[in-house]
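Report on the structure given below.
Quick note: residue numbers are just sequence positions, from 1. In each ligand, atom 1 is the first atom listed, and ligand 1 is the first ligand listed.
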Amino acid sequence: MSKQYGPDYVRAIAPYQAGKPIAEVAREFGLDEASIVKLASNENPFGIPESSRAAMAAAAAELGRYPDANGFELKAALSKRYNVPADWITLGNGSNDILEIAAHAFVQAGQSVVYSQYSFAVYALATQGVGARAIVVPAKNYGHDLDAMAAVIEPDTRLVFIANPNNPTGTFIPAADIEAFLNKVPEHVIVVLDEAYNEYLAPEHQFESADWVRKYPNLMVSRTFSKAYGLAGLRVGFAIAQPHVTDLMNRIRQPFNVNSLAQAAAIAALNDQAFLEQGAKNNAAGYQQFVEAFTELGLEFVPSYGNFVLVRVGDDEQAGARVNLALLKQGVIVRPVGNYGLPNWLRVSIGLPAENAVFIAALKKALG
Ligand SMILES: *Cc1c(COP(=O)(O)O)cnc(C)c1O
C-alpha cells in the first residue's frame, strides 16, 4: 500500500462540489454553449455591473504591481457605507476566504465548531481543515434552530457559523431571534453571521447588523460581492468585527488576498445603487415566476429569502439526481443537493425571466 500523506482530518474532507461550468455541460451533452441556461451557483443574472467593468479597465494599467495589501480605498468605502471604523473590516478573497480565515484564527485542532444541518458547505470544510470537531445541529423547518444551537455550545466551542439567509435552503432568521441568540452565546465563542444574500432581502427584513457588531464583541458579520453585486469571478468579500477580532483575522490572512481588479470593481459596485435595485426587482419577480410554476406542478418548495429556491422534485432518493440529469440533457444547469443530505431536492438560482421560463419548461418535461 502506498504511503498515506497528510493528517487524517484532511483525508476525511469531502471536496466542495461546485456548479457545473457551461463549457463542461456543452462538451458532455453535445450542446451549443449559447443555448445553455445556468441557474446553479446563485450568480447574478445581470453579470458584472458596467461601473465595475470600467473601474477594472482603469486599474488594469497597474497590474504589474502588487495590490494594496491593506485595501485602503475599498475599506474606506465600506467604512463609510456601514458606519464602522476601517480597522473593523477584514477583506477576503470571496467571503469563503473570510470563513476559512476565521476558522484558522479562532479554532485549534480538537476544539469544536457549531453549525446547522443543511447550512453552507464551506462551514464543514473550514472546520475540518483545522482539525476541529463539528457539532452539527439538526435543522428546524430546513433552517437554523438557534435555541438548539445555543444549547449545544461546549466549553471548547470557539466558533458558530450562521447563514442568514441560509444556502441552500433559503430560510431566514428574523432580527429578534438573532439578537436573542447573541445574548445567550458565551463571550468565548465567536459568532460568524454570514449574510451573503443580505442585499436581496425586502426592506422590512433588512437590519443593520453592523449595529450588533458594536454591541457584541464576539460577533463577526460576513458579506460578499459575489451575489447581488455580480462579482463572483473576481472573489471579493469582507467581514465586520471589533478590532480585537479583526486583528487576529489580519494575522492569518494572506497579505495580498484581494487582487487589484477586485478591489477597484468592488468600490464601483458598492456605489452602484441602480444595479442593486435592478437585481432585487428582477429577483422578486423571478421568485414569483418559480412559486407559480412549482405550485402549478404540485411541487413542495422552501420559501426563499435569497436568489435561489430549493424545490422537491420527487419522493424517491434518486429524484434529485434523475431530474438534474434530465435538465442537463436539455441544457439547463441547476444544483443537485444530495451532498447536503437533500437527495429529493434541487436548488435553482433565480435568473432573468427568459432563463426562468426555459428552466420551467425543461422541468415540466423532465417530470414527464
Ligand atoms: C455564496 C455564499 C458565500 C460566499 O461566496 P464568496 O463568493 O466566497 O463570497 C458565503 N456564504 C454563503 C451562505 C453563500 O451562499
Side-chain angles (χ1 to χ4, degrees), residues 15-19 21 38-45 47-48 52 71 74 78 89-104 113-127 129 136 139 142-144 159-173 178 191-201 209 220-240 249 253-254 257-259 261-263 265-266 269-270 279 283 302 304-310 334-335 337 339-340 342 346-350:
Y16 183 80
Q17 294 178 13
K38 185 184 178 205
L39 301 174
S41 301
N42 302 344
E43 293 150 342
N44 195 313
I48 177 173
S52 294
L74 176 53
L78 290 166
I89 297 165
T90 308
L91 301 181
N93 189 345
S95 57
N96 195 135
D97 192 28
I98 295 292
L99 306 173
E100 290 283 349
I101 296 170
H104 280 93
V113 176
V114 172
Y115 52 85
S116 175
Q117 177 189 28
Y118 307 144
S119 64
F120 190 39
V122 169
Y123 307 155
L125 294 173
T127 301
V136 185
Y142 299 99
H144 294 66
L159 206 59
V160 176
F161 286 115
I162 296 175
N164 197 36
N166 183 44
N167 173 19
T169 61
T171 52
F172 174 71
I173 311 164
I178 301 250
V191 176
V192 176
L193 181 58
D194 176 356
E195 301 187 322
Y197 301 96
N198 176 273
E199 298 82 4
Y200 285 109
L201 291 172
S209 11
M220 181 189 311
V221 171
S222 164
R223 297 279 184 97
T224 182
F225 283 92
S226 297
K227 311 283 164 55
Y229 289 108
L231 301 179
L234 279 171
R235 317 302 304 126
V236 50
F238 62 98
I240 302 175
M249 296 285 284
R253 75 171 178 91
Q254 289 180 36
N257 61 336
V258 181
N259 71 69
L261 297 185
Q263 292 187 30
L270 192 64
N283 197 63
V302 180
S304 175
Y305 293 79
N307 65 344
F308 56 89
V309 186
L310 189 70
V334 300
R335 181 69 69 92
V337 280
N339 58 325
Y340 279 94
L342 295 163
L346 293 174
R347 191 196 69 194
V348 190
S349 307
I350 296 168

Problem - Minimal non-hydrogen separation, S226 against R235, with atom names - result: OG-NH1, 3.4 Å
Practice task
May I ask you to check whether Y197 and F308 place their ring centers less than 6.0 Å from one another?
Solution key: yes
Completion exercise
Distance filter under 4.0 Å, heavy atoms only, around ligand 1 gives G94, S95, N96, F120, N167, D194, A196, Y197, T224, S226, K227, R235
Practice task
Mind running side chain to side chain contact (heavy atoms under 4.5 Å, CB included) on R335 and S41 for me, showing each step along the way?
Solution key: CA-CA 7 Å; R335 181 69 69 92; S41 301; 3.5 Å; yes
Handout entry: ring-ring contact (aromatic ring centres under 6.0 Å, His included) involving Y123 - partner list, sequence neighbours excluded
Key = F120, F161
Exercise for the section: Quickly, which of L346, L310, T169 forms a side-chain contact (heavy atoms from CB on, under 4.5 Å) with V337? Name it, please. Expected result: L310
Exercise for the section: Identify which one of L261, N257, V258 satisfies the side-chain contact (heavy atoms from CB on, under 4.5 Å) criterion when paired with V236. Expected result: V258
